[in-house]
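Everything quoted here is computed from the prediction, not taken from an experiment. Proteins come first, then strands; the chains are lettered A, B, ... in the order of their sequence lines, and each starts at number 1.
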Amino acid sequence: MKVRTRFAPSPTGYMHIGNLRTALYEYLIAKSQGGDFLLRIEDTDQKRYVEGSTDIIFNTLKTVHMDWDEGPDIGGDCGPYIQSERRSIYQEYAHKLVELGGAHYCFCAARDDEEEDDETKIPTKFKDPCKRISLEQAKARIAAGEPYTIRQTINKKGVSHFHDEVYGDIEIDYDELDEGVLLKTDGLPTYNFANVVDDHLMGITHVVRGNEYISSTPKYNLIYEAFGWVPPVYVHVPPVMKDAQHKLSKRNGDASFQDLVEKGYLPEAILNYIALLGWNPGTDQEIFSLEELKKCFTAERLNKSPAIFDIVKLTWMNGCYIRNLPAEKFHELAMPHYQKYLHRELDLALLSSVLQPRIETFNDIASQTDFLEKMPEYGLELYTNKKMKTDVEVAKKTLALALTDLQKVSDWKNDVLFESLKELAVANELKNGQILYPLRIALSGKETTSGGATEIAAILGKNETISRIEQAIQKLGNEK
RNA sequence: GGUCCCAUCGUCUAAUGGUUAGGACAUCACCCUUUCACGGUGGUAAUAUGGGUUCGAAUCCCGUUGGGAUCACCA
């Protein structure tokens, strides 16, 4: 039988990292076995609907190249793929379930949302008075226009068993199960019902979802059973955590996929990182393209325990991806950042080659290049460096030497500049660092920079370099 | 609270009864080097706890502790 999985998000806002990881696992389970991956929008809760979130879902999946085989935008044999458009299907099946004895009509008034007190909760199990209403009576009340819900009927005793690919065999007592609402007063189904009906109708073979659904899984199996349907393979996955106690959630302001992309992370790196958050290949390999993941993914290597999202490791991995980018691609991606911060005439191609091995996210560009735009304020103590054997006096002397030397250079390239200054050092019996270290300070006002002194000079161009050296010499003279 | 689930370095994890408990990130040291970064080498660092079972336990069983989930006309 062909493997079919589905990603079934609610359009309630941004794409969370945990959601994306679930989607990835669903995608990989299908694609590793030549199966289908479908997209279904679960918008049965009109109150939580957020405008535009469906597009975010589409766009996110597209940017990470997780293409779906059937979905709201492209259709398929099992449409529609938006639950609010499947209303009549659920109603048909819900009433059918009542006939089959798996559910009953309930006329209890809608619960007051204000009431939070545990004691005031309507105990749904055994005490639902509507369970005792005969089918004929119930139908008559409905015909009379009385509002109703359809509630699951659970009469089974004993313990329910089911198998989960990640957690193994789970046992839950039927007494623990609530007779939840399946079809709401508004005629729309709850997740508990829509999910089962859709997964069956869409031929879903593997259901991947958060482990918070483990305890309600027996309820879903009861519905499958009542209809005579075959339940899917269950793959419950642990949550992605912010820290040991809290799940990662947008609600707490934790980073969403979009946020990370805006912070300068590459979609491929994010996807690679989250793939490994709760799954491992059984080898030491850590860098995976989506294609590679498709080849080696197996649900057996999914982990049972929650994993803390570690931005530091993601940052490292992003650095790996940045370094592996073709130089032109890096330059292309860096360009918008340059345009944002740098307005002076600079050798941007050289800047890119200097930056590529050094930055870990594109947002690092700002702090790495600020001095190119404008010399920062700095203190003369920067010129003193024990290892480089420099101090203010040495700097005064070597900057003057460097100035006259550089003024003679016409082919303004890093190699040329470097060779020239190296020869200058030899000629004056100086260490390279005694010329180059003060030069970097003079050009950047910083103790450390991306790239060496001559690279900075090459990026800045001859005029600006000469000008900055002159200013530095003046500063050294004045403040003596 | 009832029920279910989870527990290896700070973090992500490997080791499906026999390993000096391995790798990666982070961290520290050294090397490379015009600073920084990259790269290289090495170091620090873990089986929550108490009992079993076994010749032998991170691994199997029970208890304890800690954590999470669930008990909605949300998903």
Side-chain angles (χ1 to χ4, degrees), chain A residues 8-10 12 42-45 47-48 106 108-111 113 118 121-125 147-151 164 166-168 170-173 175-178 180-186 188-192 194-195 209-218 236 238-239 241 243-247 273 276-286 301 303-317 319 323 354-360 368 385 387-388 417-418 421-422 425 431-437 439-441 444 446-456:
Chain A
S10 300
T12 54
E42 309 220 329
D43 60 344
T44 57
D45 186 358
K47 292 189 290 291
R48 298 210 308 162
C106 174
C108 298
R111 287 181 201 177
D113 288 339
D118 283 358
K121 268 167 87 175
I122 297 172
T124 52
K125 185 69 176 170
Y148 68 97
T149 61
I150 291 181
R151 211 176 258 285
D164 181 86
V166 174
Y167 289 94
I170 308 274
E171 294 186 356
I172 291 171
D173 201 298
D175 282 345
E176 293 298 321
L177 273 26
D178 266 348
V181 168
L182 266 20
L183 199 73
K184 299 182 276 185
T185 319
D186 64 5
L188 249 21
T190 59
Y191 168 89
N192 299 325
N195 216 259
R209 50 155 76 125
N211 69 3
E212 68 268 25
Y213 291 99
I214 285 180
S215 42
S216 43
T217 296
H236 286 97
M241 309 292 283
D243 55 47
Q245 275 77 36
H246 309 281
K247 270 195 199 187
Y273 175 70
L276 263 27
L277 212 51
W279 176 84
N280 78 83
T283 67
D284 284 345
Q285 185 178 350
E286 291 199 289
R301 297 202 70 92
N303 243 306
K304 288 185 181 67
S305 24
I308 298 173
F309 182 87
D310 183 6
I311 191 81
V312 175
K313 184 148 187 179
L314 168 62
T315 304
W316 163 78
M317 191 172 277
R323 287 191 293 277
V354 165
L355 252 25
Q356 184 167 6
R358 284 170 241 264
I359 62 170
E360 291 190 302
Q368 295 290 307
N385 184 295
K387 195 182 164 199
M388 292 297 123
L417 298 173
F418 187 57
L421 291 176
K422 226 163 85 176
K431 288 176 62 99
N432 288 349
Q434 289 178 297
I435 294 179
L436 295 166
Y437 191 85
L439 180 58
R440 187 187 30 265
I441 306 291
S444 69
K446 290 184 163 190
E447 206 168 5
T448 64
T449 56
S450 290
T454 58
E455 280 166 317
I456 295 170

From the options [options], select the nucleotide whose nearest atom is closest to the side chain of [X].
X        : options             : result
A:Val312 : B:C73, B:A69, B:A26 : B:A26
A:Ser215 : B:C6, B:A75, B:U70  : B:U70
A:Asp45  : B:G67, B:C12, B:C74 : B:C74
A:Glu176 : B:G2, B:G67, B:U70  : B:G2
A:Ser305 : B:A75, B:C25, B:C6  : B:C6

Nucleotide opposite [N] in a Watson-Crick or G-U pair, distances under 3.5 Å:
N     : answer
B:A21 : none
B:A75 : none
B:C9  : none
B:U27 : B:G43
B:C32 : none
B:U70 : B:G2

Output all residues satisfying side-chain hydrogen bond (donor to acceptor under 3.5 Å, both in side chains) with A:Thr190, sequence neighbours left out; order by chain, then residue number. none
Looking only at atom [atom1], what distance separates [N] and [M], rounded to whole Å?
N     : M     : atom1 : value
B:U11 : B:G1  : P     : 26 Å
B:U8  : B:G68 : P     : 15 Å
B:A15 : B:A7  : P     : 13 Å
B:C55 : B:U64 : C1'   : 29 Å
B:A14 : B:U53 : C1'   : 26 Å
B:U47 : B:G10 : C1'   : 16 Å
B:C25 : B:G42 : P     : 14 Å

Tell me: [atom1] of [X] to [atom2] of [N], nearest whole Å?
X        : N     : atom1 : atom2 : value
A:Leu276 : B:C12 : CG    : P     : 12 Å
A:Asp310 : B:U27 : CG    : P     : 11 Å
A:Lys313 : B:C12 : NZ    : P     : 10 Å
A:Tyr148 : B:C73 : OH    : P     : 17 Å
A:Asp178 : B:U3  : CG    : C1'   : 12 Å

What does A:Ile170 touch in the nucleic acid at a heavy-atom separation under 4.0 angstrom: a base, only the sugar-phosphate, or nothing? sugar-phosphate
Remember a base hit wins even if backbone is also touched, and classify A:Thr190 as base, sugar-phosphate or nothing at under 4.0 Å, heavy atoms. sugar-phosphate
Have A:Glu360 and A:Thr315 got a donor and an acceptor in their side chains that come within less than 3.5 Å? no
Judged by modelled atom types alone, do A:Glu42 and A:Asn195 share a side-chain donor-acceptor pair under 3.5 Å? yes
Does any part of the side chain of [Y], heavy atoms only, come nearer than 4.5 Å to the side chain of [X], both counted from C-beta?
X        : Y        : result
A:Arg323 : A:Arg358 : no
A:Arg151 : A:Leu182 : no
A:Thr149 : A:Leu183 : no

Let's test your reading of the model: under 3.5 Å, does the base of B:A75 pair with the side chain of A:Tyr213 as donor and acceptor? yes
With nearest nucleotides of RNA chain B determined for A:Asp284 and A:Asp173 from heavy-atom distances, which residue corresponds to the more 5′ nucleotide? A:Asp173
Please tell me which of A:His246 and A:Gly282 maps to the more 5' nucleotide of RNA chain B, matching each residue to the nucleotide holding its nearest heavy atom. A:Gly282
Counting only side-chain N and O atoms of [X], is one of them less than 4.0 Å from OP1 or OP2 of [N]?
X        : N     : result
A:Arg151 : B:A72 : no
A:Ser216 : B:C71 : no
A:Asn303 : B:A14 : yes
A:Asn280 : B:A14 : yes

Verdict with supporting geometry, A:Tyr213 and A:Tyr191, side-chain contact (heavy atoms from CB on, under 4.5 Å): CA-CA 11 Å; A:Tyr213 291 99; A:Tyr191 168 89; 3.2 Å; yes
Value for CD (A:Gln434) from CE (A:Met388), rounded to nearest 0.5 Å, stands at 10.0 Å
Under 4.0 Å protein heavy-atom contact, by nucleotide of nucleotides 32-39 of chain B - B base, S sugar-phosphate only: -BBBBBSS
Using atom types as modelled and distance alone, determine if a side-chain donor or acceptor of A:Tyr148 lies under 3.5 Å from a backbone N or O of A:Thr185. no
Begin with the C-alpha distance, continue with both residues' side-chain angles, and end with the deciding distance and a verdict on salt bridge (Lys or Arg N to Asp or Glu O under 4.0 Å) for A:Arg440 and A:Glu455. CA-CA 9 Å; A:Arg440 187 187 30 265; A:Glu455 280 166 317; over 6 Å; no
